[in-house]
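Take a look at the structure below.
In each ligand, atom 1 is the first atom listed, and ligand 1 is the first ligand listed. Numbers for residues simply follow the sequence, beginning at 1.
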Amino acid sequence: MAESQGYRVLWYTEWLSSQEAHIHAIKRIIFDGYTKYQRVTLAETGSFGLTLFLDGYAQSSEYDEFVYHEALVHPAMLTHPKPEKVLIIGGGEGATLREVLKHPTVKRAVMVDIDGELLEIVKKYMVKWHQNCFNDPRAEVVVADGKKYLEETSETFDVIILDLTDPTKGTPGVQLYTKEFYEEIYDKLSKDGVMVTQATSTRYNIDAFSVINNTVASVFPVERPYKAHVATFYSEWGFALGSKSRDPLGIPRNELSERLGRLGLKFLDEEIFYHLFHFPTYLKEKMQQYKQISTVAQPFQIEL
Ligand code: SAM
């Protein structure tokens with residue numbers, strides 16, 4: 001707590017690496033407590049408005065959550081010729097499900113998140129994110145460990161989206177960034193199936209970003225790293241897309257503009273779609289330094 005312009009301000013420190021932190025002015029705390037899996041903090045911040053923090057890290061904010069969620073969801077959905085069945089693992093805020101359900105071809109969308117308590121908090125306080133999409137007749141919400149759910153389901157899906165917390169040491173998502181897990185995903189995808197995973201910050205975790213993309217490329221014939229600038233994350237956020245057949249950069253242009261045009265998006269348009277996949281030389285050179293892939297025996301973990 002500190003004085004600013006004559007009134008008391010609560011400051012919240014978010015560590016982005018062992019060398020860098022950001023402090024947020026907190027106007028109001030809506031929820032702060034522990035669930036079985038993580039610390040959940042929902043606060044009104046000075047810069048980004050309502051913001052969800054898990055274990056101290058910003059997950060999304062009302063300022064630009066749509067940038068992250070549109071970038072995560074639509075390249076994979078558009079890479080599949082006609083996505084009808086979609087599986088989301090993680091995605092607690094419900095915004096990933098919201099974006100998936102914008103596609104008119106979708107008949108069934110299953111969201112599996114490990115933290116049921118978090119989902120109740122989100123349903124109550126984060127309506128701007130989920131917009132009641134949990135009640136859509138096409139949607140099914142399951143509280144379970146995503147890895148276990150995938151191993152046990154007999155269903156196949158057209159698109160599988162991993163919207164998980166970072167693979168930080170000691171957190172529930174680490175094993176969901178491994179070769180063995182992506183092989184399980186490959187087996188549960190239909191013929192033209194596509195997967196995508198959030199792949200952490202290209203600035204603070206270029207090693208994790210590169211290793212995640214290497215690992216997806218070790219399983220899928222078509223693999224594309226991409227990124228989008230998310231102000232709430234102070235960096236270009238990374239993603240890794242794996243496809244059994246189609247290449248996002250090979251989608252016929254008229255099909256792309258027609259399908260994108262129908263979605264009514266706030267961030268993603270045709271120009272930005274292609275720009276997502278463009279990497280400057282210095283970043284390509286940095287990524288080349290990391291050849292490792294993440295496995296169950298040797299999982300890549302972010303150490304802070
Ligand atoms: N947008 C965020 C980001 O980039 O950091 C992630 C969004 S979301 C909040 C992350 C979700 O992953 C959380 O709701 C968490 O409960 C869920 N999660 C973590 N590990 C999981 C697991 N093993 N199975 C299913 N959900 C998991």
| task | Give the C-alpha distance, both sets of side-chain angles, the deciding distance and a yes or no for side chain to side chain contact (heavy atoms under 4.5 Å, CB included) between Tyr68 and Asp163. | result | CA-CA 10 Å; Tyr68 168 83; Asp163 181 10; 2.6 Å; yes
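Of all the heavy atoms of Glu93, the ones lying under 4.0 Å from any atom of ligand 1 belong exclusively to the side chain. Contact annotation: for Gln198 versus ligand 1, heavy atoms closer than 4.0 Å belong to the side chain alone. Contact annotation for Ala144 and ligand 1: only backbone heavy atoms (N, CA, C, O) come within less than 4.0 Å of the ligand. Here Tyr68 has side-chain heavy atoms under 4.0 Å from ligand 1, and that is the only part of it that gets that close. If you look at Gln38 next to ligand 1, the close heavy atoms, those under 4.0 Å, all belong to the side chain.
Below 3.5 Å of separation, one finds an N or O of Asp113 facing an N or O of ligand 1. Considering backbone and side-chain atoms alike, Leu118 places every N or O at 3.5 Å or more from each N or O of ligand 1. Polar contact with ligand 1: absent for Ile89 (N/O pair, distance under 3.5 Å).
Residue Gly92 approaches ligand 1 through these ligand atoms, each under 4.0 Å from one of its heavy atoms: 8 (S), 14 (O). Within ligand 1, the atoms closer than 4.0 Å to a non-hydrogen atom of Leu176 are 23 (N), numbered from 1 in the order shown. Below 4.0 Å from some heavy atom of Asp115 lie the following atoms of ligand 1, by number and element: 16 (O). Atoms of ligand 1 found under 4.0 Å from any heavy atom of Leu54 (numbered from 1 in listed order, with element): 9 (C), 13 (C). Taking every heavy atom of Gly91 and a limit of under 4.0 angstrom, the matching atoms of ligand 1 come to 8 (S), 11 (C).
Ion pairing between a basic and an acidic side chain is recognised when a charged N comes within 4.0 Å of a carboxylate O; Asp247 and Arg224 show such pairing. The pair Glu255-Arg253 does not count as a salt bridge, with every side-chain nitrogen at least 4.0 angstrom from each carboxylate oxygen. Salt bridge Arg98/Asp136: absent, no basic N to carboxylate O contact under 4.0 Å. At a threshold of 4.0 Å, the pair Glu151-Lys148 does not count as salt-bridged, since none of the basic side-chain nitrogens sits closer than that to a carboxylate oxygen. Note on Glu65 versus Lys128: no salt bridge recorded, every NZ/NE/NH1/NH2 to OD/OE distance being 4.0 Å or above.
To the nearest 0.5 Å, atoms CG (Leu268) and CD (Glu70) are separated by 6.5 Å. The NZ atom of Lys147 lies 10.5 Å from the CD atom of Glu152; values are rounded to the nearest 0.5 Å.
Phe273 and Phe267 have their aromatic ring centers separated by at least 6.0 angstrom. Taking the centre of each ring, Tyr12 and Phe53 come in below the 6.0 Å mark. For Phe220 and Tyr182, the ring centers sit 6.0 Å or farther from each other.
Minimum heavy-atom separation, Ser190 to Asp158: OG-OD1, 2.7 Å.
The nearest heavy-atom contact from the protein to atom 7 (C) of ligand 1 is Asp163 OD1, 3.2 Å. Among all protein heavy atoms, the one lying closest to atom 24 (N) of ligand 1 is Gly146 N, 2.9 Å. With hydrogens left out, the protein atom closest to atom 23 (N) of ligand 1 is Asp145 OD1, 2.8 Å, a heavy atom. Shortest contact from atom 26 (N) of ligand 1 to any protein heavy atom: Ile114 N, 3.2 Å. Closest to atom 19 (C) of ligand 1 among all protein heavy atoms lies Thr165 OG1, 3.3 Å.
Residue contacts with ligand 1 include Gln59, since one or more of its heavy atoms lies under 4.0 Å from the ligand.
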